[in-house]
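Below, all heavy atoms of this structure are taken into account, side chains as well, without hydrogens, waters or symmetry copies. Numbering of residues begins at 1 and proceeds along the displayed sequence. For clarity, every value in this text was computed on a predicted model and none was experimentally measured.
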Amino acid sequence: MTDPIAFILACMAVLFVPGPTNTLLATSGAACGMRRSLHLPAAELIGYTIAIWALALLVAPVVHASPLVSKALRLACAGYLIWSAIHLWREGANALTSSEPVSFQRVLVVTLLNPKGLLFAFVIIPHLSQRDIPAALPYLAVHALITLAASISWIGFGALIRAGARTRLDAGLIRRVLIPGAAPEI
């Protein structure tokens, strides 16, 4: 995707969509506010950077060589998203009384495992699959800026809910609202 406008729009579309990392960022904003959560965008940026480089340089050659690996990777991503949704839903009840930010390590690990990294490494960021690193660097820089903007926006979204509700119910509620199709525990 070498067209700069299409690239920027694709990055924004993927990064601003609710997912496991964005849910954690909004949860932290709701639980403890904007200021105490501002260290988390760095975790997301580091996570995506490591994931994109590892996927593009180490996993892509294997995926391109074997259609079976490609299918297994898709199934693993689907399984991870289902597991993550269930885990965040169940954890939402415990977050109702929390006033602590989500940990840096948690955001880092969740971002490393986030299937959005596959989209960036294989589809959105150009030149990585051809291992043309110098040509990919400007795209990676723009991706980093959009990542920071999206993560700060998600934290701000959670902080706005916190300010509006003035209760600690927000963190658990956010986890449940941002997980589409999640069913309540029985």
Side-chain angles (χ1 to χ4, degrees), residues 1-29 34-81 83-84 88 101-159 178:
M1 185 169 303
T2 56
D3 176 40
I5 301 299
F7 170 75
I8 289 169
L9 291 174
C11 283
M12 290 175 67
V14 172
L15 288 167
F16 281 92
V17 167
T21 302
N22 291 339
T23 300
L24 290 177
L25 295 170
T27 298
S28 186
M34 188 80 174
R35 191 170 18 144
R36 290 186 59 206
S37 301
L38 278 180
H39 63 289
L40 298 177
E44 182 177 16
L45 182 58
I46 292 167
Y48 274 132
T49 301
I50 293 170
I52 289 167
W53 282 102
L55 288 164
L57 300 178
L58 303 174
V59 178
V62 177
V63 168
H64 294 307
S66 172
L68 186 60
V69 172
S70 177
K71 289 178 184 176
L73 192 55
R74 289 180 193 157
L75 284 173
C77 287
Y80 170 73
L81 287 174
W83 173 84
S84 181
L88 286 170
V102 175
S103 74
F104 185 94
Q105 296 85 350
R106 180 141 187 229
V107 172
L108 177 66
V109 169
V110 167
T111 305
L112 279 168
L113 297 173
N114 197 329
K116 290 179 182 182
L118 289 166
L119 287 173
F120 292 121
F122 294 159
V123 179
I124 297 175
I125 299 175
H127 309 295
L128 279 179
S129 60
Q130 295 85 19
R131 297 180 183 224
D132 185 0
I133 305 307
L137 290 177
Y139 292 96
L140 290 164
V142 171
H143 172 267
L145 292 173
I146 296 170
T147 298
L148 292 173
S151 60
I152 291 169
S153 297
W154 278 102
I155 293 169
F157 172 70
L178 293 180

Looking at side-chain heavy atoms only, is the closest gap between [X] and [Y] below 4.5 Å?
| X | Y | result |
| --- | --- | --- |
| C11 | F120 | yes |
| L75 | K71 | no |
| S28 | I155 | no |
| V63 | L55 | no |

*What residues, two or more places apart in sequence or in another chain, satisfy side chain to side chain contact (heavy atoms under 4.5 Å, CB included) together with A6?*
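Partners of A6 by the side chain to side chain contact (heavy atoms under 4.5 Å, CB included) criterion, ordered by chain and then number, come out as M1, D3.
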Donor-acceptor contacts under 3.5 Å from residues 135-152 side chains, at least two apart:
residue	atom	partner	partner atom	Å
Y139	OH	T2	O	2.8
T147	OG1	H143	O	2.8
S151	OG	T147	O	3.1
S151	OG	L148	O	3.0

*Minimum heavy-atom separation for I124 to F7, with atom names?*
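Looks like O-CD1, 3.5 Å.
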*asked:* For the CD1 atom on I5, are there more than 12 heavy atoms of other groups (residues, nucleotides or ligands in this structure) within a distance under 6.0 Å?
replied: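 Not more than 12 within 6.0 Å, no.
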Side-chain atoms of residues 108-119: list all donor-acceptor pairs with protein atoms under 3.5 Å, sequence neighbours left out, distances to 0.1 Å.
residue	atom	partner	partner atom	Å
T111	OG1	T21	OG1	3.1
T111	OG1	V107	O	2.7
N114	OD1	K116	N	3.1
N114	ND2	T21	OG1	3.4
N114	ND2	Y48	OH	3.3
K116	NZ	V14	O	2.9
K116	NZ	V17	O	2.8

_Return the OG to NE2 distance between S103 and H39, rounded to the nearest 0.5 Å._
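Rounded to the nearest 0.5 Å, the OG-NE2 separation comes out at 7.5 Å.
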*W154 CH2 to E44 CD distance, which is reported to the nearest 0.5 Å*: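 Between atom CH2 of W154 and atom CD of E44 there are 11.0 Å.
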*Could you walk me through whether F122 and V59 pass the side-chain contact (heavy atoms from CB on, under 4.5 Å) check?*
CA-CA 10 Å; F122 294 159; V59 178; 4.2 Å; yes
